[in-house]
Protein chains: 2
Amino acid sequence: MGVKIKDVARVAGVSVTSVSRVLNKGEHVSEKLEKKVLRAIEELNYSPSLIAKSLKRNKTNLIGVIIPDITSHFQATILSSIEETAGKKGYNLLVSNIVEDTEKVVKYLNVFQDMRVDGIVLMHAKMNDDIRHFLTKTQIPLVVHADLGMNLPTVIIDDYKAGYDATSYLIQEGHQRIAMIAGDMRDLSAGRKRYEGYLAACKDHGLTVDESIIRFGDYKLATGYKLMNELLTEAGGSFTSVFAASDDMAVGAMNCIQDHQLHIPGDISVMGFDGSQIADVVRPRLTTIKQPVDQIGQMTIDLLLNLIEQSAAPSSLQPMRKVILAHELIAKGSCRNISGKIGPLIQ
Amino acid sequence: MGVKIKDVARVAGVSVTSVSRVLNKGEHVSEKLEKKVLRAIEELNYSPSLIAKSLKRNKTNLIGVIIPDITSHFQATILSSIEETAGKKGYNLLVSNIVEDTEKVVKYLNVFQDMRVDGIVLMHAKMNDDIRHFLTKTQIPLVVHADLGMNLPTVIIDDYKAGYDATSYLIQEGHQRIAMIAGDMRDLSAGRKRYEGYLAACKDHGLTVDESIIRFGDYKLATGYKLMNELLTEAGGSFTSVFAASDDMAVGAMNCIQDHQLHIPGDISVMGFDGSQIADVVRPRLTTIKQPVDQIGQMTIDLLLNLIEQSAAPSSLQPMRKVILAHELIAKGSCRNISGKIGPLIQ
DNA sequence: CTGAAAGCGCTTACAG
DNA sequence: CTGAAAGCGCTTACAG
């Protein structure tokens, strides 16, 4: 990569200013000059340095993305949609896979700052003081995929309502003992909100919440299996359905239930959350709350780019800062109506 | 981010040279000076620009990664391992999700070049002239996860042998009619090599290869379903097992088989490839060829960093340029021995 | 339409 | 141990 703009200028017999102009297609240059420059670029196989350009322009066209776990199909799908949308707009992605580590989040937020990224997407929803401090202080436009209670620009579904809807559906299907495999309570959206929705739905429908059939996990498949195993051995037979805060955990739970020689939905109904591919892979198919992944990715980048433009050239037209997208309950074969079985719940 | 090294120097009452020195911990500075500088950095909340540093040092600590499909669990796992290994060594990842698009590969290779990444990881295995041209010309250290027949540094398993082993196993289990759901023949490793291994194993064991029970796909779950559907409707009953070139396709095929009211492995045995999580999720569990994903990620970065060092400070100790890692056949419940059923194949 | 020159924010010989 | 100055490879007022 030894060749730089100066070399092109020399070979083309023009100034570096002119080379820069044909590169950036901004101001008009004569056709003759343009041709000379293009020929020299071709001849030298010149590749302009985005590093130098970024330094000068004070703009990197880089977006830093912090994602808790790329190996989650749901998160990978969002990342994929973010990548596609950002790519179309000429932005590149700096990606950090965090694996539930708040220390690493802080580290990467600082790296992103040092790299002078134009914007940040934060899909991580656990907080600590350092993260909170960074988020309140930073000048970098950012969008979070979580309700962190900090009035930050957000693209998300209504996790509370979604948890409420999932639980209500099970109740309508006649279930009165609904176990929950919830997320991490330090995770303010997918963890806490979905759980709160579950609690509220139970209370609103007159069910007593029984903590002995509630577990807390980390959204992973293996965890769903492990927690379901606990539920079956410690609280076996005392519930007719289970609501998991992620499809991966739901599928882990299904595997465990089946390994215990129990039937889904005959013995236990299972409700998932996310609407990721795996929900359609397992048998019976998983009833789940579907999040609009493609929309989430697109809207996240749209909002972020708006914020970036706004910070570059402030105008009175403030971009919307909160986007709540609609979720959807997809009923498949993993849940069944047991109203008839346990008596006339709904008359 | 208005604050720059000059400001720190002014506030600390020292030269920018000294500030740079405490930042980079290279040459020794007096404790007194260091303290003044650190205090000023703290006070101003200074974040040194990696962009400026990269320009000056001619090193970005950036690695560009081109991955065909992040939503594939197998690929995401490798990416995750790459990210972890690279992060530990102080490198950040520029990620491009390509979705089987050779045009996009060329585009991103050039972006990576313009961004002056220190190295490139290419997980994409389809070629075209532009890609080939780039790969032969570039000075950027790179590692490919495919045998592209170009003598490039490579970390990979022996796909030919793995395809051979998978097929031989089925043959040993008594199968004589083995369908294949292969990859893309433009994909030189996972596509072509695994298929060639299948062909060779059939021939070596005296089986005739029947093209009517062979299909070609793109490794995705939905494609496995679709192609299995073709096989069942067009060549139904004429084979006792199927070998798929990816676990995702194998699972799609399993779903299709089960949706046709057929049993696995009772009616049809299924063999996968990759050893990704989904193989243990489905019932029966999928027999598959397991790739050593974590090792692949680690070795890829190790090799790449060696090449980067080598190109920065050439020495006579050339790093090894080809790493072939061992695969492993994991036998689970999706294949069964049918020697007894169709007669004494092995006496 | 074109070019000379300053400057983006750092690092690093060089000199003291 | 410390600092003044050149320079990394670009862009962009400014002047012509």
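In what follows, every chain begins at residue 1, and chains take the letters A, B, ... in the order their sequences are listed. As the structure is a computational prediction, the values presented were derived from the model and not from experiment. Computation of the quantities below employed the complete heavy-atom set of this structure, encompassing side-chain atoms and omitting hydrogens, waters and symmetry-equivalent molecules.
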Check ion pair A/Asp7-A/Arg10 (N to O, under 4.0 angstrom): yes
Once you round it to whole Å, what is the distance between [atom2] of [N] and [atom1] of [X]?
X: B/Ile51; N: D/dG7; atom1: CD1; atom2: P; value: 23 Å
X: A/Ile5; N: D/dG7; atom1: CD1; atom2: P; value: 18 Å
X: B/Leu55; N: D/dC10; atom1: CG; atom2: P; value: 9 Å
X: B/Lys6; N: C/dT11; atom1: NZ; atom2: C1'; value: 15 Å
X: A/Lys53; N: C/dG7; atom1: NZ; atom2: C1'; value: 17 Å

Looking at B/Lys322, I'd like to know if its NZ atom is crowded, meaning that more than 12 non-hydrogen atoms belonging to other residues, nucleotides or ligands lie closer than 6.0 Å. yes
I want to check one thing: is the phosphate of [N], taken as OP1 and OP2, less than 4.0 Å away from some side-chain N or O of [X]?
X: B/Ser15; N: D/dG3; result: yes
X: A/Ser18; N: C/dT2; result: no
X: B/Ser30; N: D/dT2; result: yes
X: B/Ser20; N: C/dC10; result: no
X: B/Lys4; N: C/dG9; result: yes
X: A/Arg57; N: D/dT12; result: yes

Treating a pair as Watson-Crick (purine N1 to pyrimidine N3 plus N6-O4 or O6-N4) or G-U wobble (N1-O2 and O6-N3) with both distances under 3.5 Å, list the stems of 3 or more consecutive pairs that involve DNA chain C. C:1-3 with D:14-16, C:5-12 with D:5-12, C:14-16 with D:1-3
If you pin A/Val16 and A/Glu31 to their nearest nucleotides in DNA chain C, which one's is more 5'? A/Glu31
Classify the side chain of B/Arg21 and the base of D/dG3 as holding, or not holding, a donor-acceptor pair under 3.5 Å. yes
